[in-house]
Amino acid sequence: MGLPENPFSMSFDHATEATLQRFILPQIIWKLKKWLGLGMETSLSRSLEHIDKYLSNIINSRKLDLLNKQQIIGSSETTTHDDLLSRFMKKKESYTNEFLQHVALNFILAGRDTSSVALSWFFWLCTLNPNVEEKILLELCTVLFETRGDDVSKWVDEPLVFEEVDCLVYLKAALLETLRLYPSVPEDSKHVINDDVLPSGTFVSTGSAVTYLIYSIGRMKYIWGKDCLDFKPERWLSADGNKIPTNLFPSMQGQGFV
Ligand code: HEM
C-alpha cells in the first residue's frame, strides 16, 4: 500500500543521494557531471531550493506562533510547541533564520532515517520474540500505573515525560540490543587531521581515514559471548535487572578499548 507523496521528503531523499554520490565518486567525475548537467547533479540544486523554502516556511510560522503567544501571555516560557526547533528558538531568539534552517536540516539528516530504521528493526525483533514484547509491556504498564493511576484512559492522554522514560530500563535495554544487532549506522569514518596514536597504540598519519565497523563490533563473539547473534536485552542489565551498568566491559578496561 503506497503512502501519499511528500514533496519535501522526495527532495530530501534526492539531495541526500546526490550528496552521497559526491562522497563515492572521484571529485573530478561529479564535478564534470555537474558541469555537463548529467545525472543526479542536475536536480540537486532544485531539491535544495525546495528544502530551503520548506524549512524557512516552518521557521517563519514558528517564530510568528512564538511571538503571538508571548504577546498574549507575556512570557517566553509558554508555547504550544515543544520540539527541538522551538527549544532552540526559545533559548536565544537572535539566532538567524539561516542558522535555524541549518540546525533543522542537520537534525532531520541525522535523526530521520536512523530513528526509523532502528524502530523498524525493533518492532520486527519484538514480533519474533514475544517474551521480550511482554516484558516491555509489563514494564510500561507498571510505570504508568505508578505515575498516572489505574484509569487506563489517562495513560495515553499525554506523551511520556522524561522521569517516566527514565524508568523504562528494560525497554532501553531492548533498544540497545536492537542497535547492537542492526545498527542504523553500520560503519562510520573519521579523518585524521594530525598524526596521532590511538589508545590501542596504532599510529594514524595525517590525511588518512579510520573506519570503524559498528555492525561487526556488535556481533563479535570475543566481546558478546557465544550467544552474540541472539536477541537478548538482558545482556545489558545489571544482575538484579534494575539498571543498565555504566561499565559493561570491565575486563576490557586499560586495553585501549574502553
Ligand atoms: C537510533 C537513532 C540514532 C542513531 C543510531 C544515531 C547514530 C549516530 C552516529 C553513529 C553518529 C556519529 C557519531 C560519531 O561520528 O562520533 C551520530 C551523530 C549525530 N547524530 Fe545521531 N543517531 C540517532 C539519532 C539522532 C537524532 C534523533 C538526532 C537529532 C535529532 C541525531 C543527531 C546527531 C548529530 C547532530 C550528530 C553529529 C554529532 C557530532 O558530529 O558531534 N541523531 N549519530
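Both counts, for ligands and for their atoms, begin at 1 and track the order of listing.
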Using protein heavy atoms only, decide if any is under 4.0 Å from atom 40 (O) of ligand 1.
-> no
Counting only non-hydrogen atoms of the protein, does one fall under 4.0 Å from atom 26 (C) of ligand 1?
-> yes
Numbering as shown, the atoms of ligand 1 that approach A118 to under 4.0 Å (heavy-atom distance) | 1 (C)
Work out which heavy atom in K63 is nearest to a heavy atom in L100; give both atom names and the distance.
-> CE-CD1, 4.0 Å
Below 4.0 Å from any atom of ligand 1, is there a heavy atom belonging to K190?
-> yes
Check K190 against Y212 and note the closest heavy-atom contact, atom names and distance.
-> CE-CE2, 4.5 Å
Is NZ or CZ of R219 both nearer than 6.0 Å to the six-membered ring centre of Y182 and within 45° of the ring axis?
-> yes
Between F12 and F8, what is the ring plane arrangement, given parallel below 30°, perpendicular above 60°, and tilted in between?
-> tilted
Atom 30 (C) of ligand 1: which protein heavy atom is closest, and how many Å away?
-> L84 CD1, 3.6 Å
Locate the shortest heavy-atom distance separating L181 from C228; write the atom from each residue and the value.
-> CD2-O, 3.6 Å
List the closest protein heavy-atom neighbour of atom 29 (C) of ligand 1: residue, atom name, distance to the nearest 0.1 Å.
-> F107 CD2, 3.6 Å
More than 12 heavy atoms from other groups under 6.0 Å of CZ on F203 = yes
Sub-4.0 Å atoms of ligand 1 with respect to non-hydrogen atoms of G111 = 25 (C), 26 (C), 27 (C), 28 (C)
Would you say atom 18 (C) of ligand 1 touches the protein, meaning some protein heavy atom is under 4.0 Å from it?
-> no
Protein heavy atom at shortest distance from atom 12 (C) of ligand 1 = D188 OD2, 3.7 Å
Side chain, backbone, both or neither: V117 near ligand 1, heavy atoms under 4.0 Å = neither
Would you say S115 and ligand 1 have an N/O pair spaced under 3.5 Å apart?
-> no
What part of A110, side chain from CB on, backbone N/CA/C/O, both or neither, has a heavy atom under 4.0 Å from ligand 1?
-> both
Hydrophobic cluster identity match, L179 and W236, side-chain contacts under 4.5 Å | no
Would you say atom 37 (C) of ligand 1 has a protein heavy atom nearer than 4.0 Å?
-> no
List the atom of T42, the atom of G39, and the distance in Å for their closest heavy-atom pair.
-> OG1-O, 2.5 Å
What one should report as the nearest heavy-atom pair of E158 and R148 is O-NH1, 2.9 Å
Residue selection (non-hydrogen contact nearest atom 2 (C) of ligand 1) among I214, V185, T114 | T114
Crowding at CD1, I193 (>12 non-hydrogen neighbours, <6.0 Å) = no
State whether the shortest distance between N or O atoms of S184 and N or O atoms of ligand 1 falls below 3.5 angstrom.
-> no
